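What follows is a single structure, written as structure tokens, with notes after it.
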Amino acid sequence: MDQVIQQKVAEIASHVEKQLDAEIEKLDNLNIDDIEKLREHRLKEMKKMQQQKQIWLSQGHGEYTELSDEKEFFEVCKKSDKVVCHFYKDGTERCKIVDMHLKILCKKHIETRFIKLNVEKCPFLTGRLKIRVIPTIGLVVDSKTKDYIVGFTDLGNCDDFSTEVLEWRIAHGGAINYNGDLMHPPDNTKIQKQSVTRKTIREKYSDDSDIDSD
């Protein structure tokens with residue numbers, strides 16, 4: 001058995017080595033025109049990304065904004081592909097903790113619109129989304145509610161979770177671009193992997209529902 005495993009490992013290593021050699025050879029054979037084309041392509045991609053960032057910033061991305069009413073919520077979800085909405089209530093200490101973390105994340109994830117909404121000002125919306133626990137963070141992607149972070153259960157069930165843990169949890173709903181490991185939370189001493197399950201979300205909420213004011 002050990003010999004079979006060693007043989008498989010050797011075959012994989014040989015295959016990877018051949019791929020690397022092919023890539024190196026390809027780079028070595030590039031002429032000046034090829035390099036210039038790659039440079040132009042890279043510059044176009046950078047320019048396109050910069051233009052996209054400007055569009056996002058003009059739409060309120062990069063800031064953590066409080067909305068005045070639920071009508072404004074619907075407008076935001078139509079304009080932005082990714083939205084993180086904190087449903088809060090005045091005087092709730094845990095809502096202040098969420099505010100602290102989202103103020104940091106909104107600067108890091110320009111691709112996403114970060115907003116907050118007072119549940120007392122949006123009874124129709126909170127009823128429709130079945131929001132019963134404060135704080136609740138709604139994750140909206142392409143005008144559909146993809147996920148909810150209800151209270152702090154998925155964040156280690158404690159008040160001193162890190163911003164990175166909340167970032168990791170938001171990433172599970174697809175509401176941000178995330179380069180980390182979704183299978184392992186940043187602080188796995190406090191969070192159990194099974195705490196974040198789509199089954200639980202579906203049991204409690206009408207998952208993947210359209211955001212529409214009509």
Side-chain angles (χ1 to χ4, degrees), residues 56 59-106 109 111-159 161 163 165-178 182 185 191-192 194-214:
W56 283 332
Q59 294 174 339
H61 291 228
E63 301 291 337
Y64 180 45
T65 312
E66 178 163 8
L67 306 185
S68 58
D69 53 36
E70 49 200 16
K71 180 181 179 182
E72 195 174 357
F73 171 83
F74 294 122
E75 292 173 353
V76 165
C77 291
K78 288 179 180 178
K79 290 180 180 179
S80 298
D81 294 334
K82 297 180 179 181
V83 178
V84 172
C85 183
H86 171 206
F87 292 93
Y88 81 100
K89 189 175 182 180
D90 287 330
T92 306
E93 289 300 318
R94 283 193 160 187
C95 289
K96 295 178 183 179
I97 295 174
V98 172
D99 286 340
M100 177 187 66
H101 292 297
L102 294 186
K103 285 178 182 178
I104 296 171
L105 291 176
C106 73
H109 293 281
E111 73 279 3
T112 302
R113 182 78 189 271
F114 285 79
I115 57 177
K116 62 185 295 188
L117 191 57
N118 191 324
V119 293
E120 294 179 336
K121 295 181 179 180
C122 55
F124 167 76
L125 183 61
T126 53
R128 177 172 177 172
L129 298 181
K130 301 178 182 178
I131 295 173
R132 305 184 183 94
V133 177
I134 299 299
T136 286
I137 302 174
L139 308 180
V140 183
V141 180
D142 295 330
S143 296
K144 295 180 182 294
T145 51
K146 291 291 183 180
D147 201 350
Y148 299 87
I149 304 173
V150 182
F152 290 176
T153 302
D154 291 345
L155 305 172
N157 210 20
C158 61
D159 290 358
F161 61 88
T163 302
V165 165
L166 179 56
E167 179 184 29
W168 170 82
R169 179 60 186 85
I170 291 173
H172 272 268
I176 57 173
N177 297 337
Y178 188 68
L182 285 176
I191 300 178
Q192 299 298 321
Q194 61 266 29
S195 66
V196 182
T197 62
R198 299 296 293 168
K199 181 179 179 182
T200 302
I201 293 165
R202 289 195 182 99
E203 286 174 350
K204 292 184 178 180
Y205 303 98
S206 55
D207 184 55
D208 207 30
S209 57
D210 290 318
I211 293 294
D212 196 328
S213 57
D214 296 331

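Quick caveat, the model's predicted, so the values are computed rather than measured. Scope of the values below: all heavy atoms of this structure, side chains included, with no hydrogens, waters or symmetry mates.
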Among residues two or more places apart or on two chains, list those pairs meeting salt bridge (Lys or Arg N to Asp or Glu O under 4.0 Å) that have a residue in residues 90-101.
-> Glu93-Lys96, Arg94-Asp159, Asp99-Lys116

What one should report as the nearest heavy-atom pair of Gly173 and Val141 is O-CG2, 3.8 Å

If you look at every heavy atom in Gly60 and Thr65, which pair is closest and at what distance?
-> O-OG1, 4.3 Å

Leu67 vs Lys121, side-chain contact (heavy atoms from CB on, under 4.5 Å): CA-CA, chis, key distance, verdict | CA-CA 10 Å; Leu67 306 185; Lys121 295 181 179 180; over 6 Å; no

Leu139 side, atom CG; Ile170 side, atom CD1 - distance, nearest 0.5 Å = 6.0 Å

Given the options His86, Lys103, His101, Arg113, Tyr64 meets side-chain hydrogen bond (donor to acceptor under 3.5 Å, both in side chains) only with His86

Here the gap from Thr136 atom OG1 to Lys130 atom NZ, rounded to the nearest 0.5 Å, amounts to 14.0 Å

Report the distance from atom CE of Met100 to atom CG of Leu105, rounding to the nearest 0.5 Å.
-> 10.0 Å

Please work out which of the three classes, parallel, tilted or perpendicular, describes the rings of Phe87 and Phe73, given edges at 30° and 60°.
-> tilted

Answer whether the closest heavy-atom distance between the side chains of Tyr148 and Ile137 falls below 4.5 Å.
-> no

Test side-chain contact (heavy atoms from CB on, under 4.5 Å) applied to Leu166 and Leu102, step by step | CA-CA 9 Å; Leu166 179 56; Leu102 294 186; 3.9 Å; yes

What closest approach, in Å, do His109 and Glu167 show between heavy atoms, and which atom pair accounts for it?
-> NE2-OE2, 2.7 Å

When every non-hydrogen atom of Pro135 is compared with those of Phe152, the smallest separation belongs to CG-CE2, 3.9 Å

Drop me the distance from Asp147's CG to Thr145's OG1, to the nearest 0.5 angstrom.
-> 9.5 Å

side-chain contact (heavy atoms from CB on, under 4.5 Å) between Phe114 and Ile176, intermediate numbers included = CA-CA 10 Å; Phe114 285 79; Ile176 57 173; 4.2 Å; yes

side-chain contact (heavy atoms from CB on, under 4.5 Å) partner of Ile115, chosen from Cys85, Ser80, Cys77 | Cys85

